[in-house]
Student: 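Here it is: the structure, laid out below.
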2 protein chains.
Amino acid sequence: MAQSHTKATSHTCAVCHVGRRSDWHDLDETSLAVLERGRRRRELGSGEVVFAQGERNDGVYCVSGGTVGIRRLDSNGNSVLLELAYPGDTVGYRSFLTDSEHKTSAEALGPSIVCHIDHATVTALLAANPALGLRFLKRSIGALEDAHDTMFRQATFSNRHKLVHLLLVLVGRHGHRLVNGSQSIELPVSRRDLASMVGTRHETISRIIGRLETDGIAHFSGRQVMIPNVEALAAELDCLASA
Amino acid sequence: MAQSHTKATSHTCAVCHVGRRSDWHDLDETSLAVLERGRRRRELGSGEVVFAQGERNDGVYCVSGGTVGIRRLDSNGNSVLLELAYPGDTVGYRSFLTDSEHKTSAEALGPSIVCHIDHATVTALLAANPALGLRFLKRSIGALEDAHDTMFRQATFSNRHKLVHLLLVLVGRHGHRLVNGSQSIELPVSRRDLASMVGTRHETISRIIGRLETDGIAHFSGRQVMIPNVEALAAELDCLASA
DNA sequence: AAACGTCGTTGATGATCGTCAATTTTGCTC
DNA sequence: GAGCAAAATTGACGATCATCAACGACGTTT
């Protein structure tokens, strides 16, 4: 809307994620110029780190392609995948706004593209565009409500139900409808990460997957999942809401 | 600092929570006057509801005394206590900022005092005081990081460790040091709420408490808890960090 | 005082899970 | 393609948990 021309050089933020509306679309022309100068595009391979837990903040990152995982680690080697970020999402804004070190790590869960916007640039953009701060505020509130949802499920769902719910969420993001109406996904995460998201061990996830297989609800082959009937999967959760 | 006089009428926000710094301390004189007009103090008995899940937002609430629980319910009667709010904390700001219905309920966990600040007043104060928006932003980021901590513990701690951790947090908020160095607390929550915070059933909490008793680590009598040696309690968690 | 509901505790039992270990599979490097 | 390391699966076993049920304690109501 505001940015009518800008000679689509294919990699300016103004024309990026047209459909998805990133946090940077509302900027005025001069701010867009500032953004273009302070921004650096990075292509990441699977597993590459965007920022690491404990590092000082050096700006924020806008996800432009692929999937980015937000992870927390401890000194024992435990790892929990807390959030998934997709194109249009901004990550690293929390430690920026609190001017502190990153409380989580972010890593590409597959080939991904992120744009780094350096610290000084974000500071300048925030000063000139109050709406940008509002976007971050909405983002953190949304993330908090997601976290509350997760905490509620952790306390009330069985592990099987938690895995089914997670599969349904991933289908919404990564699923492809096949001709016969069934769904096919390539999971963006390992079994270990699945386990950490469900709150159990990877061996247990293996066994629950085995039971889903024998029940005919889903068929797993590595990270490929075939779901013949998504409604049947969703029905597993409905019995909780109605009973 | 800014408000030097204001004739301490004992119940103005400017002189409330002097030590704890509420979100409303930074307001200028004229905004403080607006706040005083749009604010209504409420004294709540144990269990009384501040706002209910699903209601539309009608402003925010500043906790002035006691303890307020933030709770999520579902249609099956399941209830999970997600957060605790203490004097100086503001609650209800999330649905205010997203202009939506409350996603959680808030209730007094004991005799409490909250000040209701009506919707129009908060809107006016936010427009005149950008710093107030920042306070809410910091608050939501802090709550999100707490939620991430909880999610991490849910995935990596045993139920016993989760309960021990929760006890240590509650000791920090509600504990009193006795002459012999031991700590005494009155729990602000029921066993059922303890269970929901740990992510298990109340019967299991009962049994874990029983084991803590026989281990001599803590002594429970209703909501009164005696902890002879807080370090011994904390040591339960240390073995996780070092091992 | 009696009746009632909620909360908390305790017991018994079957189901589920965590752990250790062995093995297979997968993905990557050389 | 061979070789390697990490991931994933499977089995066995003990530990823990969810569930159902019974019971006592407590506060409120009638």
Side-chain angles (χ1 to χ4, degrees), chain A residues 45-48 69 71 76-81 107-111 153-164 186-215 218-225 236 239-240 243, chain B residues 45-48 69 76-81 107 109-111 153-164 186-215 218-225 236 239-240 243:
Chain A
S46 189
E48 274 195 84
R71 185 188 298 281
N76 293 34
N78 293 315
S79 158
V80 175
L81 202 49
E107 88 195 35
L109 297 179
R153 285 191 302 272
Q154 287 286 345
T156 59
F157 281 21
S158 69
N159 283 336
R160 173 166 175 150
H161 285 136
K162 283 186 265 185
L163 178 59
V164 167
E186 176 163 355
L187 297 178
V189 297
S190 68
R191 302 292 150 106
R192 290 181 136 82
D193 282 336
L194 275 185
S196 79
M197 290 197 267
V198 168
T200 185
R201 302 283 156 173
H202 59 101
E203 296 98 324
T204 300
I205 289 292
S206 253
R207 290 184 232 271
I208 294 177
I209 284 176
R211 273 176 253 152
L212 290 178
E213 290 261 4
T214 63
D215 293 351
H219 300 283
F220 292 73
S221 171
R223 291 194 177 189
Q224 281 295 326
V225 188
E236 292 240 343
C239 66
L240 296 175
Chain B
S46 189
E48 273 194 84
N76 294 31
N78 292 316
S79 158
V80 175
L81 202 49
E107 86 193 40
L109 296 180
R153 285 192 302 272
Q154 286 286 345
T156 58
F157 281 21
S158 69
N159 283 336
R160 171 166 176 151
H161 285 136
K162 283 185 265 186
L163 178 59
V164 166
E186 175 164 357
L187 298 179
V189 296
S190 68
R191 301 293 149 107
R192 289 179 136 81
D193 282 337
L194 275 185
S196 79
M197 291 197 266
V198 168
T200 185
R201 303 282 156 174
H202 59 103
E203 296 98 324
T204 301
I205 289 293
S206 253
R207 290 182 232 271
I208 295 177
I209 285 176
R211 273 175 253 152
L212 290 178
E213 290 261 5
T214 63
D215 293 351
H219 301 284
F220 291 73
S221 171
R223 290 194 176 188
Q224 282 294 325
V225 188
E236 291 240 344
C239 66
L240 296 175

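Below, read A as the first sequence line, B as the second, and so on, with proteins coming before strands; counting in each chain starts at 1. Only heavy atoms go into these numbers, but all of them, side chains included; no hydrogens, no water, no symmetry mates.
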Student: I'd like a table of atom pairs between the protein and nucleotides 10-13 of chain D - only N or O on both sides, under 3.5 Å - with the distance next to each one.
Tutor:
| unit_1 | atom_1 | unit_2 | atom_2 | d |
| --- | --- | --- | --- | --- |
| D:dG11 | N7 | A:Arg207 | NH1 | 3.2 |
| D:dG11 | O6 | A:Arg207 | NH2 | 3.2 |
| D:dA12 | N6 | A:Arg207 | NH2 | 3.1 |

Student: Ignoring backbone atoms, establish whether B:Arg201 has a side-chain N or O less than 4.0 Å from OP1 or OP2 of C:dT16.
Tutor: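 So the side chain of B:Arg201 is outside the cut-off, no N or O lying under 4.0 Å from OP1 or OP2 of C:dT16.
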Student: For B:Leu194 and C:dC7, give me the distance from atom CG to atom P, rounded to whole Å.
Tutor: 13 Å
Student: Taking OP1 and OP2 of C:dC17, is either one under 4.0 Å from a side-chain nitrogen or oxygen of A:Arg211?
Tutor: yes
Student: Rounded to whole Å, please give me the gap between CZ in A:Arg192 and P in D:dA6.
Tutor: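 These atoms are roughly 10 Å apart.
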Student: Taking CZ from B:Arg223 and P from C:dG8, how many angstroms apart are they, rounded to a whole number?
Tutor: 7 Å
Student: Round to the nearest Å and state the distance from A:His161 atom NE2 to C:dA15 atom C1'.
Tutor: 14 Å
Student: How would you label the contact of A:Arg160 with the nucleic acid (heavy atoms, under 4.0 Å): base, sugar-phosphate, or nothing?
Tutor: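 Since no nucleic acid heavy atom lies under 4.0 Å of A:Arg160, the category is nothing.
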Student: Given atom CG of A:Leu187 and atom P of D:dA8, what is their separation to the nearest angstrom?
Tutor: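 The answer, rounded to whole Å, is 10 Å.
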Student: May I have the distance from B:Ile209 (atom CD1) to C:dG8 (atom P), rounded to whole angstrom?
Tutor: 9 Å
Student: For residues 194-205 of chain A, tabulate all N or O donor-acceptor pairs below 3.5 Å that involve a side-chain atom, not counting sequence neighbours.
Tutor:
| unit_1 | atom_1 | unit_2 | atom_2 | d |
| --- | --- | --- | --- | --- |
| A:Ser196 | OG | A:Leu81 | N | 3.1 |
| A:Ser196 | OG | A:Asp193 | O | 2.9 |
| A:His202 | NE2 | A:Arg192 | NH2 | 3.4 |

Student: Keeping the roles fixed (side chain from A:Glu48, backbone from A:Gly45), state whether a donor-acceptor pair exists under 3.5 Å.
Tutor: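 Yes.
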Student: Counting only N and O atoms by type, is there a donor-acceptor contact under 3.5 Å from the side chain of B:Glu213 to the main-chain atoms of B:Phe220?
Tutor: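 Pair found, side chain donor or acceptor close to backbone of B:Phe220.
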Student: Check this one for me: any side-chain N or O of B:Ser158 less than 4.0 Å away from OP1 or OP2 of C:dG18?
Tutor: no
Student: Is any side-chain heavy atom of A:Leu212 closer than 4.5 Å to a side-chain heavy atom of A:Leu163?
Tutor: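 A:Leu212 vs A:Leu163: side chains touch.
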Student: Taking the side chain as every heavy atom from C-beta outward, state whether B:Gln224 and B:His219 have any atom pair closer than 4.5 Å.
Tutor: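 B:Gln224 does not reach B:His219 side chain to side chain.
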Student: Rounding to a whole Å, what distance do you find between A:Gln154:CD and D:dC17:C1'?
Tutor: 16 Å
Student: Mind calculating the distance between CG (A:Asn159) and P (D:dA18) to the nearest angstrom?
Tutor: 10 Å
Student: Are the side chains of B:Asn159 and B:Arg207 in touch, meaning some heavy atoms are under 4.5 Å apart?
Tutor: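 Not touching, per the 4.5 Å side-chain cut-off.
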Student: Is it true that a side-chain atom of A:Ser158 and a backbone atom of A:His161 form a donor plus acceptor pair closer than 3.5 Å?
Tutor: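 Flag set: sc A:Ser158 to bb A:His161 pair under 3.5 Å.
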